[in-house]
Amino acid sequence: MGFMLPSPTNPREHARALMSQKENTEAELDAQFSILKANNSDMTTPLVDQEGFPRADLDVYAIRHARRRINELRNDYKDVMNEIEKALQAVYDPSTVGPSSPAVSEGVAQRARSDDVESLSAFARVDGVAPSSPAAEAGLEREDLILKFGSLTRSSFTATALQPLADLVSVSENREIQVTISRLEEIITIKLIPRKGWGGRGMLGCHIIPHKS
């Protein structure tokens with residue numbers, strides 16, 4: 001069975017339903033990979049011998065079924081991650097979800113983007129960056145002020161906590177996030193890719209705290 005969207009209710013409940021679906025997909029992926037591991041195989045292990053017959057030392061049927069299901073689940077996982085990203089935008093920045101605006105000339109669009117950046121105010125500050133972390137590789141530095149994180153701006157936060165930012169990072173593993181920062185009165189946009197297994201804590205490797213303008 002393929003990926004099915006939860007019935008939309010309010011944006012926050014829709015996002016929660018998608019997050020639950022993501023966790024269920026991850027759990028089933030783990031179960032299917034456990035079947036492969038139990039049969040001393042992976043996604044590429046040959047299932048026939050040199051003469052072209054099914055290997056007698058493997059449960060070929062179980063392995064084939066697990067591989068097929070893993071491929072289906074990987075597609076479902078990709079779909080649900082895309083939907084979660086849209087749902088979080090609807091929760092934290094409703095203005096990004098809606099009818100597309102009419103086409104404008106490139107010059108007008110450039111001026112609009114420039115005006116948008118100038119109107120942004122910092123909502124967070126980088127308090128530390130671990131060496132060799134995703135944040136360090138992206139170019140983040142201590143004392144950088146965050147103006148925009150993906151689709152998140154100051155208006156995305158209703159409290160001093162940075163929960164919307166944490167939520168976005170949690171569903172963006174190995175996915176590029178554009179971050180606009182202010183550094184020594186200069187506006188810079190960097191590309192940050194959260195990931196696990198880099199050698200330290202978290203998926204960013206930096207400490208970000210709320211900032212009051």
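Reckoned from all heavy atoms, side chains included, excluding hydrogens, waters and symmetry mates. Position 1 is the first residue of the sequence, and the numbers go up from there.
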Would you call Glu186 and Arg183 a salt bridge, using N to O less than 4.0 angstrom?
no

How about Val171 and Met19: do any of their side-chain heavy atoms sit closer than 4.5 Å?
yes

4.5 Å side-chain heavy-atom contact, Glu143 and Val126:
no

For a 4.5 angstrom cut-off between non-hydrogen side-chain atoms, does Pro134 reach Pro194?
no

Chi angles and distances behind the side chain to side chain contact (heavy atoms under 4.5 Å, CB included) call for Asn75, Glu72:
CA-CA 5 Å; Asn75 289 331; Glu72 293 172 350; 5.8 Å; no

Is there side-chain contact between Val48 and Phe53, with at least one heavy-atom pair below 4.5 Å?
no

Check Gly205 against Trp198 and note the closest heavy-atom contact, atom names and distance.
CA-CZ2, 3.4 Å

Stepwise side chain to side chain contact (heavy atoms under 4.5 Å, CB included) test for Val179 and Thr189:
CA-CA 6 Å; Val179 182; Thr189 298; over 6 Å; no

Leu162 and Ile190: same hydrophobic cluster, using ILVMFWY side-chain contacts below 4.5 Å?
yes

Does Glu137 pair with Arg195 as a salt bridge, N-O distance under 4.0 Å?
yes

Least distance between heavy atoms, Ser182 atom then Ile187 atom:
CB-CD1, 4.1 Å

Working to the nearest 0.5 Å, report the span between OG1 of Thr153 and CG of Leu120.
6.5 Å

Taking a hydrophobic cluster as the set of Ile, Leu, Val, Met, Phe, Trp and Tyr residues connected by side-chain heavy atoms closer than 4.5 Å, whether directly or through intermediates, do Phe157 and Ile177 fall within one such cluster?
yes

Check whether any side-chain heavy atom of Leu192 sits under 4.5 Å from a side-chain heavy atom of Leu204, and report yes or no.
yes

Partner set under salt bridge (charged side-chain N to carboxylate O under 4.0 Å, His left out) for Glu23, not counting sequence neighbours:
none

Without swapping roles, check the side chain of Thr25 against the backbone of Gln21 for a donor-acceptor pair under 3.5 Å.
yes

At their closest point, which heavy atom of Pro164 faces which heavy atom of Ala161, and how far apart are they?
CD-O, 4.3 Å

Distance (rounded to the nearest 0.5 Å) between Lys78 NZ and Arg175 CZ:
9.0 Å

Arg154 (side chain) donor-acceptor with Lys148 (main chain) under 3.5 angstrom:
no

Please tell me if the side chains of Thr180 and Ile188 come closer than 4.5 Å, counting only heavy atoms from C-beta onward.
no

Under the criterion side chain to side chain contact (heavy atoms under 4.5 Å, CB included), I'd like the reasoning laid out for Arg67 against Leu47: C-alpha separation, chi angles, the key distance, then a yes or no.
CA-CA 12 Å; Arg67 286 178 176 177; Leu47 301 183; 3.6 Å; yes

Are Ile70 and Leu58 in one and the same hydrophobic cluster, where Ile, Leu, Val, Met, Phe, Trp and Tyr link if side-chain heavy atoms are under 4.5 Å apart?
yes

Test your reading of the model: is there a side-chain donor-acceptor pair from Ser133 to the backbone of Ala136, 3.5 Å cut-off?
yes

Could you pull out all donor-acceptor pairs under 3.5 Å where a side-chain atom in residues 28-37 meets a protein atom, sequence neighbours excluded?
residue: Glu28; atom: OE1; partner: Arg69; partner atom: NH2; Å: 3.3
residue: Glu28; atom: OE2; partner: Arg69; partner atom: NE; Å: 2.7
residue: Glu28; atom: OE2; partner: Arg69; partner atom: NH2; Å: 3.3
residue: Ser34; atom: OG; partner: Asp30; partner atom: O; Å: 2.9

What do the steps show when you test His211 against Phe123 for side chain to side chain contact (heavy atoms under 4.5 Å, CB included), and what is the final call?
CA-CA 5 Å; His211 174 76; Phe123 61 84; 6.0 Å; no

Working to the nearest 0.5 angstrom, can you tell me the gap between Ser121 OG and Leu145 CG?
10.5 Å

Between Asn39 and Ser41, is any side-chain donor less than 3.5 angstrom from a side-chain acceptor?
no

Working to the nearest 0.5 Å, report the span between NE2 of His14 and CD1 of Ile84.
9.5 Å

Gap separating the CG atom of Asp167 from the CG atom of Leu165, nearest 0.5 angstrom
9.0 Å

Sorted by chain and residue number, the side-chain hydrogen bond (donor to acceptor under 3.5 Å, both in side chains) partners of Arg55 (sequence neighbours excluded) come out as Asp57

To the nearest 0.5 Å, atom CD of Gln163 lies from atom OG of Ser170 at 8.0 Å

Is the shortest side-chain heavy-atom distance between Glu83 and Asp79 below 4.5 Å?
no

Nearest heavy-atom pair of Gly139 and Asp144: which atoms, and what distance?
O-OD2, 4.2 Å

Flag, side chain of Arg142 to backbone of Asp127, donor-acceptor distance under 3.5 Å
yes

Can you tell if the side chain of Ile63 reaches within under 4.5 Å of the side chain of Thr45, non-hydrogen atoms only?
no

Following the transitive rule for hydrophobic clusters with a side-chain heavy-atom cut-off under 4.5 Å over Ile, Leu, Val, Met, Phe, Trp and Tyr, establish whether Ile181 and Ile209 coincide in one cluster.
no

